[in-house]
Amino acid sequence: MAKGRELKGRIKSVENTRKITRTMEMVATSKMKRAADRVSAARPYALALGEVLSHVYTPELAEQFPLLRRPAQIKRAALVVLTANRGLCGAFNTNLLRESRARLAEWEGQGVSVELHIVGRKGIGFYKYLGRTLASSRADIGDRPTSADASSLIDELMARYAAGDLDAVFITYAKYKSALSTPPATEQVLPVVAPGSTGESTVARDFILAPSANEILEALLPLYVRNTVYRALVETAAGEQGARRTAMKNATDNATEMLQLLKRTYNSARQAQITQEIAEIVGGASALQG
């Protein structure tokens, strides 16, 4: 009955694993709901900022603000890559790293010098494995990012861009569309592109500016940049939980199927053992009677 005992051990092991994956699925579902709420709360503010910026923006004012400066050629750029601190979320981190490597290859192929700023242990470990020098690395931002986290990420880069040390800043993150759709995306953070300044149609509105447009832009532009990074952080956090929920649900379903197969195999082996024992008893009784 050694095979039966081995099967019982495997059944117990798979049952314990299924309990873990089911619990992780439930935790990820709860965290994903809260993260999705943060994404929904951040978007209206971003839209309102963009709307005000689009109506205040003029080409003449753009020449006065470094964050709106558009260099003739991008020679030095910074790429901020957002990844997770933990795994067990399917291809979530792999997709983000593949997107960042594609952008790096594209820009460096054009002669652009790109420095990397990585957020998340998975991204840090991956690029260190490749032997890539990192300009900065952060693993202290959890699954509930704040506006202070966004400021700490972008403020230094914003100052360097304003000083002319950088020609562009980009961010690679998971764009949260739904719990099942979080494709990786790379978005330009600097220079700031005012909504409607690239030919997009906007609804004309009359504004009474107090204080002046210059003072409004001076206060608004850093807020707009920080909010862009904050939205990327919360969308990536929501995408991570959505990917983990899907991965753990698949693992739970696979464990259930494996349990069914193992139990059928165990029952078959047990029935074969019983049948063999009955046959031996009947054979022994017949021999004694003979």
Flag the pair [X] and [Y] as a salt bridge only when some basic side-chain nitrogen lies within less than 4.0 angstrom of an acidic carboxylate oxygen.
{"X": "D143", "Y": "R34", "answer": "no"}
{"X": "E25", "Y": "R22", "answer": "no"}
{"X": "R245", "Y": "E240", "answer": "no"}
{"X": "E115", "Y": "R160", "answer": "yes"}

Modelled atom types, side-chain donor and acceptor of [X] and [Y], under 3.5 Å:
{"X": "T228", "Y": "E187", "answer": "no"}
{"X": "R264", "Y": "N267", "answer": "no"}
{"X": "Y127", "Y": "S100", "answer": "yes"}
{"X": "S137", "Y": "R121", "answer": "no"}

Checking [X] side chain against [Y] main chain: does a donor-acceptor pair fall under 3.5 Å?
{"X": "D165", "Y": "Y161", "answer": "no"}
{"X": "N93", "Y": "T83", "answer": "no"}
{"X": "D149", "Y": "P145", "answer": "no"}
{"X": "N254", "Y": "N250", "answer": "yes"}
{"X": "S13", "Y": "G9", "answer": "no"}
{"X": "T236", "Y": "A174", "answer": "yes"}
{"X": "T21", "Y": "R18", "answer": "yes"}

M24 atom CE, over 12 foreign heavy atoms within 6.0 Å:
yes
Answer yes or no: are there more than 12 heavy-atom neighbours, outside E156 itself, under 6.0 Å from its atom CD?
no
In chain order, what residues pass the salt bridge (Lys or Arg N to Asp or Glu O under 4.0 Å) check against K33, with sequence neighbours excluded?
D37
Contacts of type salt bridge (Lys or Arg N to Asp or Glu O under 4.0 Å), residue R132, not counting sequence neighbours
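Once residues adjacent in sequence are excluded, the partners of R132 under the salt bridge (Lys or Arg N to Asp or Glu O under 4.0 Å) criterion are E108.
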For L88 and M248, work out which heavy atoms get closest and say how close.
O-CE, 3.8 Å
What's the verdict on side-chain contact (heavy atoms from CB on, under 4.5 Å) for H117 and L79, showing C-alpha distance, side-chain angles and the deciding distance?
CA-CA 6 Å; H117 300 264; L79 175 63; over 6 Å; no
